[in-house]
Structures are given as structure tokens and as C-alpha cells.
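Written out below as C-alpha cells is the structure these notes cover.
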Amino acid sequence: MSKIKNYPPLPPKFFQRDTLELVPEILGKVLVRKIRGKMLSGRIVEIEAYIGNDPASHAANGMTERNKVMFEDGGLSYVYFTYGMHFCFNIVTGKKGFPAALLVRALEPLDGIEVMKKFRGTDVITNLTNGPAKLCQAMKIDRKLNGVKLDCKNFFIADDGFVVGKKDIECSTRIGIKVGTDKEWRFFLRGNEFVSKR
DNA sequence: TTATGGATCTTCT
DNA sequence: GAAGATCCATAAA
């Protein structure tokens with residue numbers, strides 16, 4: 001059993017920095033979600049950056065009802081609905097007024113694996129959270145968590161002491177987009193079997 | 001093993 | 001009306 005519950009949430013201030021600078025800090029951290037008395041958690045092993053007027057970002061053309069959370073201070077949760085049936089979870093980064101976020105694409109399941117299996121309807125561990133919409137389903141992340149602060153008791157990011165070396169981080173172009181493909185803003189842990197494949 | 005279509009919300013044209 | 005920061009079941013090869 002892990003000892004994540006002994007580690008306090010990272011404060012919102014932690015996320016109010018340059019987005020790309022945060023990337024190596026976020027990789028390896030633990031996303032914790034408490035629901036109905038159960039604790040679900042997973043180590044963040046894959047993220048993508050969406051910054052400013054980057055053409056691939058939802059915020060590329062200014063603020064809308066959906067993306068307005070991206071303009072808030074770092075440390076908030078941005079959850080959006082896409083393709084008619086899927087939720088994706090982002091960590092808002094940087095300062096208020098500048099739209100930036102890190103899309104969490106994959107987790108390595110730690111606690112509450114049995115609950116995740118139930119939510120996902122599969123027994124295959126590597127298929128629980130290896131995709132942005134999958135991890136939301138596994139952790140029951142939905143619209144209600146859009147815009148919440150990530151230091152509340154039921155939903156936060158924690159540091160359990162796991163160390164990620166610079167050499168363990170690999171980068172590539174982002175996935176599932178048609179513009180902004182010149183930027184290598186997808187980051188993942190080298191060789192981790194929970195990274196979404198493509 | 002790779003390809004295709006369905007699900008059907010939100011935004012922009 | 002069309003496309004999208006997706007996933008999965010099913011079909012073809």
C-alpha cells in the first residue's frame with residue numbers, strides 16, 4: 001500500500017509558474033481523488049502542454065464559456081467534454097489572465113484499482129488510465145470538477161517523493177491535433193507501460 | 001493486424 | 001452544419 005495519504009496537496013501557488021518549467025515537476029506526481037470514502041490515485045506519467053495562443057489550444061481564439069478556466073490562476077482543474085462522450089482533465093498553470101494548461105493524458109494506477117476497474121468495466125490494469133478520457137472515467141472526473149481548486153480534500157495533486165530524472169523524460173509532438181504539430185509539447189516517462197500508445 | 005463507424009457536446013462558420 | 005486535445009466494438013485483410 002502506498003503512503004500517499006501522508007503527503008499534503010501541492011498548493012495552487014506551485015502551479016502558478018511557467019508551464020514548460022512545470023513539466024518535469026508534474027511528471028511523477030500523484031493525482032488523488034477521494035470518492036464515497038474510497039481513495040483513488042495514480043502517478044502522472046504523460047502530459048501535454050497547451051499554452052497561450054498556441055493554435056492547438058482551446059484558448060487560441062480567446063475566451064469562451066468552455067475554456068474560461070484556462071485564463072484563471074494556476075492550480076485549478078479544467079475539465080472539458082469532447083467528441084460527444086468523453087471528459088479530459090487539465091491542470092491550469094501560470095498566472096491569471098494568461099491561458100495555459102497541462103492535459104493529463106495517462107496515469108499509473110496506485111490506489112483504488114478495484115474501484116477503477118468497476119468504473120472502467122475492464123480488468124486489464126494497463127487499460128484503466130492510459131488515455132485522457134480513460135483516466136477521467138476511472139476516477140469519475142466530470143463536469144462537476146471543472147474549475148475547482150486542486151487543493152480541496154477530495155481532489156488534488158500530491159508529492160510522494162517519487163523522483164523523475166531528466167533522462168527519464170521523453171518528448172514528442174502532441175496527439176490527436178491537426179495544428180500546432182511543430183511543437184514537441186507532449187512529455188512522458190520513458191518506457192512506462194501506462195503511457196498511451198499511438 | 002489495421003481500418004472504420006458510432007456516440008452526440010461545444011464551438012465556430 | 002462540421003469538426004474536434006477520444007475510445008471501443010466490430011469488420012476486413
Side-chain angles (χ1 to χ4, degrees), chain A residues 15 18-20 22-23 26-27 29 31 33 40 42 44-72 74-94 98-109 113 115-148 150 157 169-189 192-198:
Chain A
F15 303 97
D18 178 79
T19 306
L20 294 179
L22 270 167
V23 165
I26 302 288
L27 281 172
K29 292 294 185 290
L31 177 65
R33 167 98 165 110
L40 308 179
I44 297 169
V45 298
E46 180 182 355
I47 55 181
E48 284 180 5
Y50 290 89
I51 304 170
N53 52 4
D54 161 21
S57 168
H58 286 166
N61 297 312
M63 198 185 301
T64 65
E65 191 53 33
R66 176 167 72 159
N67 69 24
K68 62 183 180 186
V69 178
M70 289 182 76
F71 289 80
E72 288 297 322
L76 295 184
S77 156
Y78 170 42
V79 178
Y80 69 90
F81 192 79
T82 191
Y83 292 105
M85 62 190 304
H86 291 299
F87 292 103
C88 295
F89 165 63
N90 300 246
I91 303 165
V92 178
T93 57
F98 182 77
L102 290 168
L103 167 67
V104 179
R105 289 192 54 87
L107 301 174
E108 175 179 341
I113 289 177
V115 180
M116 292 188 199
K117 283 182 181 171
K118 216 173 79 195
F119 288 157
R120 290 275 299 114
T122 176
D123 279 336
V124 185
I125 304 283
T126 51
N127 197 28
L128 289 176
T129 54
N130 64 335
K134 294 181 184 181
L135 69 90
C136 286
Q137 197 181 0
M139 290 203 156
K140 267 238 181 323
I141 295 171
D142 62 25
R143 204 184 315 273
K144 291 196 289 295
L145 293 174
N146 185 35
V148 303
L150 286 171
I157 312 276
I169 299 175
E170 204 161 338
C171 65
S172 75
T173 55
R174 291 167 292 179
I175 288 179
I177 56 172
K178 296 211 164 70
V179 291
T181 48
D182 54 319
K183 307 215 175 40
E184 298 207 326
W185 282 353
R186 172 181 179 237
F187 305 90
F188 54 98
L189 298 186
N192 187 290
E193 62 175 324
F194 295 96
V195 169
S196 67
K197 312 200 169 40
R198 190 60 68 97

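Throughout, a chain's letter reflects where its sequence line sits, starting with A, and its residues are numbered from 1. Worth saying up front: this structure is predicted, and the values here are computed from it rather than measured.
- In A/K183, the NZ atom is crowded: over 12 heavy atoms of neighbouring residues, nucleotides or ligands sit closer than 6.0 Å.
- Rounded to whole angstrom, the span from the CZ atom of A/F89 across to the P atom of C/dC7 amounts to 15 Å.
- Nearest to the side chain of A/N90, among C/dT6, C/dC8, C/dA5, sits C/dA5.
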**Asked** Taking it one step at a time, do A/Y78 and A/L103 satisfy side chain to side chain contact (heavy atoms under 4.5 Å, CB included)?
**Response** CA-CA 9 Å; A/Y78 170 42; A/L103 167 67; over 6 Å; no
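- Taking a 6.0 Å sphere around CG of A/D142, one finds it holds more than 12 heavy atoms contributed by other residues, nucleotides or ligands.
- Consecutive Watson-Crick or G-U pairs involving DNA chain B, each under 3.5 Å on both distances, make up stems of three or more pairs at B:1-7 with C:6-12, B:9-12 with C:1-4.
- Running 5' to 3' along DNA chain B, contacts with non-hydrogen atoms of chain A at under 4.0 Å begin and end at B/dA7 to B/dC12.
- In this structure, the CZ atom of A/F81 is 19 Å from the P atom of C/dA3, given to the nearest Å.
- A 4.5 Å side-chain heavy-atom check between A/F87 and A/I141 finds every atom pair outside the cut-off.
- The phosphate of C/dG4 (OP1 or OP2) has a side-chain N or O of A/K178 nearer than 4.0 angstrom.
- Protein atom CG of A/L103 is 11 Å distant from nucleotide atom C1' of C/dT6, rounded to whole Å.
- Straight-line distance from the CZ atom of A/R105 to the P atom of C/dC7: 6 Å, rounded to whole Å.
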Evaluate A/L128 against A/Q137 for side chain to side chain contact (heavy atoms under 4.5 Å, CB included), listing each step before the verdict. CA-CA 9 Å; A/L128 289 176; A/Q137 197 181 0; over 6 Å; no
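- Remark: C1' of C/dA5 and CG of A/N67 are 13 Å apart, rounded to the nearest angstrom.
- Side-chain atoms of A/Y80 come within donor-acceptor range of the base of C/dA5, with a qualifying N/O pair under 3.5 Å.
- Listed by residue number, A/T64, A/E65 are the residues of residues 56-65 of chain A with a heavy-atom contact under 4.0 Å to DNA chain B.
- Atom CZ in A/R174 sits about 12 Å away from atom P in C/dT6, given to the nearest Å.
- Rounding to whole angstrom units, NE2 of residue A/H86 and C1' of C/dA3 are separated by 16 Å.
- When rounded to the nearest whole Å, the span between OH of A/Y83 and C1' of C/dA5 equals 7 Å.
- Remark: side-chain polar atoms of A/N90 are not paired, donor with acceptor, to backbone N or O of A/V92 under 3.5 angstrom.
- For the P atoms, the distance from C/dA3 to B/dG5 is 15 Å, rounded to whole Å.
- Taking the centre and axis of the six-membered ring of A/F188, the NZ or CZ atom of A/R105 falls outside the cone set by 45° and 6.0 Å.
- For A/R33 (side chain) and A/K140 (main-chain N/O), a donor-acceptor pair under 3.5 Å exists by modelled atom type.
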